[in-house]
Amino acid sequence: MENVDPLSAAAARPLTVVIAVSMVVLAILDSVTKAEQVTSFPFLVATFVILVAAVVFLVDRTRLSRPGWSRASALVLHGLLVLLMISAALATWGGNVAVRDDWAPLVVALTLFALTSYRSPAELAIWTGVHTGVAAVLGLLQSPYAQTPLPAPLFAISGSVVILIIGSAAVGYARSMNGSVLSWEKRAWRRAESLAREARGGVARSVRQQQISRAGRDAMPVCSIVWSIGAR
Amino acid sequence: MPLGLPPHLASSTASLAVVRAGHAAAAACLVAAAAVVVTLQVTLPEITVWPALIVLAPMIGLLVLLDRSPLAFIGAGYLFVGGACIAWFTVIGTAQLDTVPRNDDFTVGLVKSAVILIVGVGPGILRAVAWTTAGLLAAEVSSAVVITALGASWTPAPGPIILWAFLVAGLASLRLQRLRARTALPLLYRAVRDEMLAETRRGFERRATALVHDTVLNDLALIAQHDEGPLRPGVAESISADLATLVGEDWLAEDPDDMPVEAADFARMLADATAGELAVAVSGDLAVLDRIERDARAEFLRAIGQALVNVRRHAGVAEAEVVIGAGHDDVSAMIVDAGCGFEPSPGGDGRLGVDMSILARMEAIGGEAQVWSREGSGTTVALRVPATRPAPVVASGDGAP
């Protein structure tokens with residue numbers, strides 16, 4: 001499949017796997033370096049369980065041997081991502097120094113980008129909006145515990161902006177790339193159809209020759225003789 | 001799963017998609033920066049940060065222009081205005097929020113990201129790398145100049161550099177994919193074309209098989225049933241016509257587009273099928289045949305013709321009736337005779353002529369055929385084929401416009 005799908009879903013699969021692995025590595029490194037901000041170890045464990053589930057789901061659903069994603073599968077993945085953000089926020093609840101450098105929204109944003117080859121731009125736009133909204137609410141709710149005294153709405157913006165930016169990039173990429181691929185596909189099919197139409201004459205003559213050979217060998221001599229006798 | 005692109009298009013299309021993604025992300029950065037400014041102004045009315053919005057407006061305008069008309073001078077203008085915007089944001093933030101100017105400020109970082117995310121002007125991977133690098137330089141130079149001018153020390157911020165590195169790495173991976181894709185598309189092309197040619201061949205073979213049945217097998221059956229002595233004139237003419245058809249090329253030819261069609265085709269079919277031995281009463285509007293696609297119509301007429309041939313050869317009568325009709329989405333024909341009839345067997349009539357030349361033929365064009373017959377009570381064959389053109393709307397006739 002990779003041979004006939006150089007820049008789309010199949011070709012994007014390795015990048016999807018790299019992004020998926022990067023998400024786990026990023027989460028581990030960030031949690032280790034900011035271990036002092038963790039206030040609930042059970043929620044941290046739950047967060048990583050959800051993260052691994054989302055990553056495995058993403059990698060599994062993008063296998064080349066699987067059919068395309070259904071909307072239900074997409075719903076499951078995005079549900080896991082919402083749970084991931086909530087669980088990550090609860091794991092550092094009250095101890096989060098700055099929401100702008102949290103890893104959970106970045107993981108969600110990277111997942112949105114990893115989906116560009118598999119989902120439509122419209123769906124990506126909707127989920128970008130949903131995840132941005134969830135991250136904004138979580139940022140707002142955590143604003144009382146922030147070290148820097150700033151207006152609360154700013155935490156909503158800083159906590160969700162990474163999803164908005166990378167999600168917008170994913171939508172822009174998917175719209176341009178998928179549109180170009182589909183447009184080329186249409187042109188390629190038209191071209192193949194036109195080639196096949198041009199070859200119809202040759203194919204027809206070949207079939208006719210084959211039929212005449214068969215009929216000439218078996219039946220036509222009999223018919224010709226009978227007709228010539230009967231016509232006399 | 002969408003199929004991929006040919007190698008000669010892959011590079012430019014992918015880099016263009018990255019450019020579009022960059023522009024969308026840049027727009028999101030500018031919107032977020034504007035949201036920060038508005039939030040600050042609303043929640044802290046004692047400060048004056050709204051002038052920062054003034055420089056965002058031309059930046060957004062240039063970004064929209066750049067996305068629609070990827071011209072180098074618009075790109076250069078965007079970088080210039082972006083640099084000014086970074087300086088302006090830094091000055092306003094320092095003055096109004098009473099902070100020390102920093103290179104890693106969140107809001108200024110958003111504007112810097114928007115400048116770096118120019119990514120490119122039109123397609124081309126190397127060009128995109130060059131424009132992204134120019135964006136990084138414009139952002140950092142502007143920041144360095146204004147921070148130094150404000151009396152603070154400038155140090156490189158990691159955020160913009162990481163963003164730049166991420167973009168360049170992404171563009172480099174596209175270049176690698178382009179190299180891998182070089183041999184892919186010829187295979188795709190060949191597979192699609194071969195499949196279409198095979199389908200064309202199958203269509204001709206199906207048509208040829210039906211034709212052989214209509215001619216050779218029927219003629220052989222006719223000869224087997226014929227009495228001793230010379231052939232009857234009608235039979236001899238029929239065999240002669242069949243031989244001519246078999247070695248001729250008429251059956252291969254596509255009907256010319258300007259041929260008058262339904263009535264002429266129908267008349268030709270009728271003449272061939274009756275061979276002067278059968279009187280056929282035709283009722284209904286032949287124009288409805290025009291609602292069937294050309295190839296399907298030819299097959300439909302051949303099926304009618306075969307039903308008439310069966311009447312002529314087996315029914316023992318010299319008259320038959322053909323009724324042509326049409327529904328909203330189909331066209332039908334009924335061939336009726338009052339001949340000797342036969343007992344159809346379950347699952348088909350059991351007769352090769354009906355099975356091959358009528359039932360199979362109708363199925364091949366998406367239609368259906370039904371045969372009703374009883375010994376001594378005649379035979380009725382009903383044919384139905386989907387129409388490819390809708391029925392014309394009939395005027396109400398009340399003279400209203």
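Below, read A as the first sequence line, B as the second, and so on, with proteins coming before strands; counting in each chain starts at 1.
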Enquirer: Can you tell me how far apart CZ (R175(A)) and OG1 (T116(A)) are? Round to the nearest 0.5 Å.
Expert: 13.5 Å
Enquirer: To the nearest 0.5 Å, what is the distance between CH2 on W50(B) and CD on Q96(B)?
Expert: 10.5 Å
Enquirer: Against chain A, work out which of A24(B), A26(B), A27(B) has the most heavy-atom pairs shorter than 4.5 Å and name it.
Expert: A24(B)
Enquirer: Find the one option among S168(A), S176(A), A170(A), A169(A) whose heavy-atom pairs under 4.5 Å with chain B are most numerous.
Expert: A169(A)
Enquirer: Heavy atoms only, distances under 4.5 angstrom: which of L164(A), L150(A), L154(A) has the most pairs with chain B? Name it, please.
Expert: L154(A)
Enquirer: Look at the aromatic rings of H78(A) and W127(A) and report parallel, tilted or perpendicular, splitting at 30° and 60°.
Expert: parallel
Enquirer: Verify whether one side chain among T92(A) and Y145(A) offers a donor that lies under 3.5 Å from an acceptor in the other.
Expert: no
Enquirer: Based on non-hydrogen pairs under 4.5 Å, which of V31(B), L44(B), T43(B) is most in contact with chain A?
Expert: T43(B)
